[in-house]
Each structure stands twice: as structure tokens, then as C-alpha cells.
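Fair warning: this is a prediction, and the values are worked out from it, not measured in the lab.
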Number of protein chains: 2
Amino acid sequence: MSEQLSIGQVAERTGLSVHALRFYEREGLFANPVRRDAGGRRVFSEDDVDWLTLCTLLRASGMPLPAVRRYTELVREGDGNWRQRIELLRAQEQRVLTQMQQLEKSLDLIRFKLGVYADLMNGETVDNDVMADVSVNKQP
Amino acid sequence: MSEQLSIGQVAERTGLSVHALRFYEREGLFANPVRRDAGGRRVFSEDDVDWLTLCTLLRASGMPLPAVRRYTELVREGDGNWRQRIELLRAQEQRVLTQMQQLEKSLDLIRFKLGVYADLMNGETVDNDVMADVSVNKQP
DNA sequence: CCTTGACCTAGAGACGACTCTAGGACCTAC
DNA sequence: GTAGGTCCTAGAGTCGTCTCTAGGTCAAGG
């Protein structure tokens, strides 16, 4: 059982900094309370690493820490609050979908502009930079 | 010609706050210098609104203000620096693609978890919440 | 012993992108 | 002539998410 991990090891495994891990603990973002050894040092398990991996994924989807905390609390509470968890996750799912649509739009714009510049480099002319940009909005 | 817009009108049209617009001017994010009327008030044009719309789209794709400023500078400089503009936009294109992949991953996780909770509500059992989460990583 | 290195706490600092405040000018309408 | 509305500047404050500092404990190695 290598189920005894130091904060440094967890930092290495999760990509979070040691500082961030202590911060996360203060913020109540661990599903299980963090144990301590005789000297007061934090002792983590592989489960903690897994949980942090999950949190990191949620964070990467733009979920703010308070929402992650709310979710953590639901998990800590134990079984029976699935409806709330589902609600929370569905809300995040929506936010992710919205974000993805927004990114598509931005991507379209960027690629349109890249096309414009490619044309310009081939000697063609466009009278106004801003107009060139904006036409992507006007004819989507 | 309704080419004379006040800061309040621009705020309304772009969704940016009046404060943000003044901030953007200080930060050099306008392609053309902002004109003033006799009383020192800012006078904007539709072109400014279009430019801001473009900036907002870029910002929405996660481009930080300094990058938008660099881009603005290139545009202000005039024709001939397309290679640099292309480079800048390509870099952003890459960042957007990376973000989208990340969002896909997060979305997979969220949906997986939603499935788990749906099952749980139908009476099936899963021994450990964290394990349920993590399996999505282990068997993608 | 003394150093090194990993860890501890409480709290300050950084950074991005605004957002707001204080104090004031100007114009129009009552 | 004063109230209301929009605008101005300079600069302070906010929020989220860390990141770093100061000052200290503890264990192992030379």
C-alpha cells in the first residue's frame, strides 16, 4: 500500500502546486478531511489524487471554486442527494455547451481573418480592416 | 449620418460598461484614437462599435487584453504587417482548439457522472463516489 | 552539532479585468 | 435657478485564484 502521499508527491501527481493544495484544503475542496501524521503534516491517499483530478477537470470547464465546494459538500454529505448533484452538474453542462458555442464563433472569426490576411498577402486589397472583420458578423 | 455616438450609446450597443470603455481607451484598445467633442466628451463611430465587437469576440475566446492590444497596434500601424497578424491569430486559433478539446473532456466527465447518478437514483449501487468519478479517466 | 530539505501556519501580495468613488462640468427642462 | 441626466478624470477597490513570505518544526545525513 503506497496509500501514504505527502503534499509534495500529490502536487507532482496532480500538477497543482503545494500552495494550491493547502489553499484547497482551507477552501474545503477535499471530499474527505485531510489526515495528518504525528508531526502535523498532511497525509494524502490515491483517492485524494483522484478527487483532485476530478476537481481539476471541473475547474478546467470553468466551474468556479465555490461551485466545486458546493459539489464537494454534497459528496461529503453522503448518499441521497443525487437530485442536487445532478442539478449542479446539469448547470455546468449547460455552461460548457454555451462556452463551446462561443468558442466556435470566435474560431470562425479568427479563421475568417486569417483568410483575409492570406488574400492581402497575395496582393488583393480590402479597403478597411475593421470592415473586413465585421463582415464575418454580417454574413455568417 | 448617425456616426456620432456617445459613450453611453456605445456601452448599450456593445454590452461593455461605460467604465470598461474608458478603461479600454486608456489601455490602447481602440484601432482609431477616440475623438472628443467641444466639451471633452468622447465621440464614437459605428466603426468603433464594430471594432469593439471584434475585440469582444477575441476576448471571449480567452485572448488576454495585452494580446488584443498587440493586435490593435498592428492594425493601427497600417498595411504590411500581415505576417505578424497572422502569427498572432494562429497562436490564438491554437489556444481555442486546445480549449475546445479540454471542454470536450470535461463534458465527457460531467455526462458520465450524470449517468452514474441516474443509475444510483434507480437503486443500483456504486461503492465509492470517487471511484465512480475516476473510472472515466481510467477507461476513456 | 549543523545543514539540508520537506513540511507547517498566518497572512500579505500579485494579477487580470474590470468596477466604483469622489468631485466636478455641462446641458436641458421645469 | 435648480434638479436630473450624462459626461469627465484620477485613482482606489473588488473578485477570483492562486502565490509567496516570514518565521518555525522536524528528521536524516555528514
Side-chain angles (χ1 to χ4, degrees), chain A residues 2 4-30 33-45 48-49 51-72 92 95 99 102 106, chain B residues 2 4-30 33-45 48-49 51-72 92 95 99 102 106:
Chain A
S2 65
Q4 304 289 87
L5 300 174
S6 73
I7 196 168
Q9 289 170 316
V10 173
E12 209 169 328
R13 272 181 184 56
T14 59
L16 294 161
S17 74
V18 169
H19 289 306
L21 289 171
R22 294 198 269 247
F23 171 70
Y24 275 26
E25 191 195 8
R26 277 207 293 283
E27 294 289 299
L29 297 175
F30 279 91
V34 179
R35 289 161 293 150
R36 303 300 182 111
D37 69 8
R41 298 180 177 202
R42 292 170 182 82
V43 177
F44 298 91
S45 65
D48 290 323
V49 173
W51 176 256
L52 287 169
T53 307
L54 162 63
C55 289
T56 305
L57 260 168
L58 290 175
R59 293 274 308 116
S61 78
M63 188 183 273
L65 288 189
V68 177
R69 175 165 44 224
R70 242 171 291 135
Y71 184 59
T72 307
Q92 187 60 21
R95 259 172 263 129
Q99 257 189 93
Q102 182 57 70
S106 299
Chain B
S2 67
Q4 304 290 87
L5 301 174
S6 73
I7 195 169
Q9 289 170 316
V10 173
E12 208 170 327
R13 272 181 184 54
T14 60
L16 293 160
S17 74
V18 169
H19 290 305
L21 290 171
R22 294 199 270 247
F23 171 69
Y24 275 27
E25 191 196 8
R26 277 207 295 283
E27 295 289 298
L29 298 175
F30 280 91
V34 179
R35 289 161 294 148
R36 304 299 183 110
D37 68 8
R41 297 182 175 199
R42 291 171 183 82
V43 178
F44 298 91
S45 65
D48 290 324
V49 172
W51 175 256
L52 287 168
T53 307
L54 162 64
C55 288
T56 306
L57 259 169
L58 289 176
R59 293 274 309 113
S61 78
M63 190 185 271
L65 288 191
V68 178
R69 174 164 45 224
R70 242 170 292 137
Y71 185 58
T72 307
Q92 188 59 21
R95 258 172 263 128
Q99 257 188 93
Q102 182 58 68
S106 299

5' precedence on DNA chain C between A/Arg26 and A/Val43 (nearest-nucleotide basis) =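 It is A/Val43 whose nearest nucleotide is closer to the 5' end.
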Could you check whether B/Arg42 gets within reach of a base, just the sugar-phosphate, or nothing at all, counting any heavy atom under 4.0 Å?
->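 Here B/Arg42 touches the backbone only, sparing every base.
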For A/Gly39, answer base if it contacts any base atom (sugar-phosphate contacts may also be present), sugar-phosphate if it contacts only those atoms, and nothing otherwise; contact means non-hydrogen atoms under 4.0 Å.
->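 Answer is nothing: A/Gly39 stays at 4.0 Å or more from every strand.
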The side chain of A/Arg59 lies closest to which of these nucleotides: D/dC7, D/dC8, D/dT17?
->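 Looking only at heavy atoms from C-beta outward on A/Arg59, the closest nucleotide is D/dT17.
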Does a side-chain N-to-carboxylate-O contact under 4.0 Å join A/Arg59 and A/Glu27?
->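 Between A/Glu27 and A/Arg59 there is no salt bridge, as every charged N stays at least 4.0 Å from the carboxylate O atoms.
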Would you check if the side chain of [X] reaches a backbone N or O of [Y] as a donor-acceptor pair within less than 3.5 Å?
X       : Y       : answer
B/Glu25 : B/Arg22 : no
A/Gln92 : A/Ser61 : yes
A/Arg95 : A/Met63 : no

Using a heavy-atom cut-off of 4.0 Å to chain A, what are the terminal contacting nucleotides of DNA chain C, in 5' to 3' order?
->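 The contacted stretch runs from C/dA6 to C/dT9.
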Would you kindly give the [atom1]-to-[atom2] distance between [X] and [N], to the nearest whole Å?
X       : N      : atom1 : atom2 : answer
B/Leu5  : D/dC7  : CG    : C1'   : 15 Å
B/Asp37 : D/dC7  : CG    : P     : 11 Å
A/Arg22 : D/dA22 : CZ    : P     : 15 Å
B/Phe23 : D/dA12 : CZ    : C1'   : 14 Å
A/Arg36 : D/dT25 : CZ    : C1'   : 13 Å

Pick the nucleotide of DNA chain D nearest each of A/Tyr24 and B/Gly40; which residue has the one closer to the 5' end?
->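 So the residue in question is B/Gly40.
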Report the residue (B/Arg41 or A/His19) whose heavy-atom-nearest nucleotide on DNA chain D is the more 5′ of the two.
->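 Looking at the nearest nucleotide for each, B/Arg41 comes out on the 5' side.
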Quick one: are B/Asp48 and B/Val10 in side-chain contact, heavy atoms under 4.5 Å?
->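 Of all side-chain heavy-atom pairs linking B/Val10 with B/Asp48, none is under 4.5 Å.
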Taking the side chain as every heavy atom from C-beta outward, state whether B/Gln9 and B/Gln4 have any pair of such atoms under 4.5 Å apart.
->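 No; the side chains remain at least 4.5 Å from each other.
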Angle class for the B/Phe44/B/Phe30 ring planes (parallel below 30°, perpendicular above 60°, tilted otherwise)?
->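 Rings of B/Phe44 and B/Phe30: tilted, as their planes differ by 30° to 60°.
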